[in-house]
Amino acid sequence: MGRGRVQLKRIENKINRQVTFSKRRSGLLKKAHEISVLCDAEVALIVFSTKGKLFEYSTDSCMEKILERYERYSYAERRLVANDNQSNGNWTLEHAKLKARVEVLQKNHRHFMGEELDSLSLKELQNIEQQLDSALKHIRARKNQLMHESISELQKKDKALQEQNNMLAKKIKEKEKAQAQNPQLEQQQQSSHGIESSPLLIPQPFHSLNMTCPYPTRDTGGEDITACHDRSGALLPPWMLRHHLGD
């Protein structure tokens, strides 16, 4: 049969308790050594018996170094926890302050808008009136400043446009004066422009000319008949006349 499970409670028998302590202590020290070797960990073990006897184990016999490291990390952890608690307390206090300030600002805004005035006293109403008058003075002063700046800017633009207009008028007068001093040059330019714009004369085709016989001919009665020439047409060339007479 297997060994039954031992109930974890104080052993009343003094002898049995001492035997169990010796066995468990040896096993605990063995396990501490094994974990330090297998896992390359720094282990420190301290055990006090019921009679106050000390039993200890430390890795590489450096108990003081391990304890100093433990105290350092334990102190840092305690400070971190304390800082977190203090920070949480500070944030809570700051949140309460900001919330109260927001409520005051919202209440003042409603008063400035003319709302919830029934609960205010005469002095509080006068104070609000003075604040509103002061704010109106600042607003009017700023408005007047902006209006003066706008008027000044418009005056500068008007002055610039007048100067530009005067400059253009001066140029026009100079141009008219130059044209009046050189009329001949202007006429030549106009004549040249007229020649260039006149249409070209296109000669009429030869078959369209109305020509009559330029030499006298004889009829059957033997009388000379002079053909009428159309002075508006062109005459035949001499070689054509000679050729015709020879026939």
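The neighbour count for Glu129 CD, taken as heavy atoms of other residues, nucleotides or ligands under 6.0 Å away, does not exceed 12. Other residues, nucleotides and ligands place more than 12 heavy atoms under 6.0 Å from the CZ atom of Phe55.
Taking Ile, Leu, Val, Met, Phe, Trp and Tyr as members and joining any whose side-chain heavy atoms lie under 4.5 Å apart, directly or through other members, Val102 forms no hydrophobic cluster with any other residue. Hydrophobic cluster of Leu120: the remaining members, joined at side-chain heavy-atom separations below 4.5 Å, are Phe112, Leu117, Leu125, Ile128, Leu132, listed by chain and number.
Under the side chain to side chain contact (heavy atoms under 4.5 Å, CB included) criterion, Ser134 pairs with His138, not counting sequence neighbours. Glu116 is linked by a side chain to side chain donor-acceptor pair (under 3.5 Å) to Arg110, counting only residues two or more places apart in sequence or in another chain. Listed by chain and residue number, Glu12 satisfy the salt bridge (Lys or Arg N to Asp or Glu O under 4.0 Å) test with Arg10 (two or more places apart in sequence, or in another chain). Residues meeting the side chain to side chain contact (heavy atoms under 4.5 Å, CB included) test with Leu105, sequence neighbours left out: Arg101. Asn13 meets the side chain to side chain donor-acceptor pair (under 3.5 Å) test with no other residue; sequence neighbours excluded. For the side chain to side chain donor-acceptor pair (under 3.5 Å) test, no residue two or more places apart in sequence or in another chain qualifies with Glu68. For Arg142, the side chain to side chain donor-acceptor pair (under 3.5 Å) partners are Gln145, not counting sequence neighbours. When the side chain to side chain contact (heavy atoms under 4.5 Å, CB included) test is applied to Val37, the partners found at least two apart in sequence or on another chain are His33.
Linking Ile, Leu, Val, Met, Phe, Trp and Tyr whenever their side-chain heavy atoms come within less than 4.5 Å leaves Met63 and Leu29 in two separate clusters. Residue Leu54 is grouped with residue Leu67 when hydrophobic side chains (ILVMFWY) are merged at heavy-atom distances under 4.5 angstrom, including chains of intermediate members.
Rounding to the nearest 0.5 Å gives a distance of 12.5 Å between CG of Asn16 and NZ of Lys14. In this structure, CD on Gln18 lies 7.0 Å from OG on Ser49, to the nearest 0.5 angstrom. Separating the CD atom in Gln126 from the OG atom in Ser121 is a distance of 8.5 Å, to the nearest 0.5 Å. The line from OG of Ser26 to CZ of Arg24 is 11.5 Å long, rounded to the nearest 0.5 Å.
With hydrogens and angles disregarded, no donor-acceptor distance shorter than 3.5 Å links the side chain of Ser58 to the backbone of Ala44. With hydrogens and angles ignored, the 3.5 Å screen pairs no side-chain donor or acceptor of Gln106 with any backbone N or O of Glu103. No donor-acceptor pair closer than 3.5 Å links the side chain of Asn127 to the backbone N or O of Lys123.
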Considering only distance and modelled atom types, tabulate donor-acceptor pairs under 3.5 Å from the side chains of residues 152-171, sequence neighbours left out.
residue, atom, partner, partner atom, Å
Asp158, OD2, Gln162, NE2, 3.2
Asn166, ND2, Gln162, O, 3.2

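Shortest non-hydrogen contact noted between Thr59 and Tyr57 is N-CE2, 4.4 Å. Contact record, Ile66 with Val43: CD1-O, 3.5 Å, taken as the closest heavy-atom pair. Among all heavy-atom pairs drawn from His111 and Glu115, the shortest one is CD2-O, 3.5 Å.
Identified under the salt bridge (charged side-chain N to carboxylate O under 4.0 Å, His left out) test for residues 37-54, with sequence neighbours left out: Glu42-Arg69.
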Inset, instruction - May I have the step-by-step check of side-chain contact (heavy atoms from CB on, under 4.5 Å) for Met147 and Lys143, ending in yes or no? - result: CA-CA 6 Å; Met147 291 178 65; Lys143 182 190 71 173; 4.3 Å; yes
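Taking the side chain as every heavy atom from C-beta outward, Leu146 and Glu149 approach each other to under 4.5 Å.
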